[in-house]
Amino acid sequence: METTKRKGWVKKLLIAVFILLIIVAGIVWYIFNERHDDTATVKADFKKEAISFIKEFDNDIKTANAKYADKIIEVTGVVTETALADTTINIKMMDITTGSYLIFAFQQNHLQEAKTLKAGDKATIRGACSDAIHSDILGINFIGFIRSTLLK
């Protein structure tokens with residue numbers, strides 16, 4: 001009698017685990033296959049000048065992160081550096097007085113436009129702000145952008 005109860009309990013547990021695995025697999029599939037709209041067609045939440053935008057983070061990184069994280073920002077400034085990365089190109093705009101900088105990673109469909117930029121060019125770039133990180137060693141902030149696109 002007791003083994004019958006144990007078998008019933010084990011069977012229910014296995015069914016529950018199986019259902020849980022299906023739910024987790026569905027969530028993981030959704031996250032990995034989530035598509036974002038082309039940033040070039042998305043309205044910017046904020047339009048900023050690069051140096052003043054960097055200064056907001058230098059003055060209060062916690063407040064600026066809360067305000068701008070996961071928002072679409074349109075930034076105008078002077079390109080200070082370009083660097084090819086694995087599957088993208090990174091464009092930097094730096095505040096040379098503090099060393100803090102913005103770094104933009106471009107969407108695949110906008111790589112060719114971004115590759116035309118060089119140091120000294122004035123550009124307007126729209127991207128999703130992905131937070132700023134402070135380096136205690138360097139004493140600077142770097143503000144990352146993903147899904148970026150060149151506007152001008």
Gap between atom [atom2] of [Y] and atom [atom1] of [X] - 0.5 Å precision:
X	Y	atom1	atom2	answer
K48	T124	NZ	OG1	14.5 Å
T80	K92	OG1	NZ	7.0 Å
L102	D95	CG	CG	9.5 Å
I51	I54	CD1	CD1	4.5 Å
I140	I133	CD1	CD1	11.0 Å
S52	N59	OG	CG	10.5 Å

> Are F57 and F142 close enough that their ring centers fall under 6.0 Å?
Replying inline: no
> What do you reckon, is CG of D45 surrounded by more than 12 foreign heavy atoms closer than 6.0 Å?
Replying inline: yes
[X] versus [Y]: any side-chain heavy-atom pair under 4.5 Å?
X	Y	result
I91	I89	yes
I73	F145	yes
I125	F106	yes
C129	I143	yes
E74	L151	yes
F104	M93	yes

Okay, side chain of [X], backbone of [Y]: is any donor-acceptor separation there less than 3.5 Å?
X	Y	value
T82	K118	no
S148	A105	yes
N65	K62	no
T116	E113	yes
H134	I61	no
D131	A69	no

Locate the shortest heavy-atom distance separating [X] from [Y]; write the atom from each residue and the value.
X	Y	value
R147	A128	NH2-CB, 3.4 Å
A50	G77	CB-CA, 3.9 Å
E56	A64	O-CB, 4.0 Å

> Can D58 and K55 be counted as an ion pair, charged N to O under 4.0 angstrom?
Replying inline: no
> Other hydrophobic cluster members with F18, side-chain heavy atoms of Ile/Leu/Val/Met/Phe/Trp/Tyr under 4.5 Å, chained?
Replying inline: I22
> Do Y101 and L150 sit in the same hydrophobic cluster, where Ile, Leu, Val, Met, Phe, Trp and Tyr count as joined when their side-chain heavy atoms come under 4.5 Å apart?
Replying inline: no
>> Parallel, tilted or perpendicular: which one describes the rings of F46 and Y68, with boundaries at 30° and 60°?
In response: perpendicular
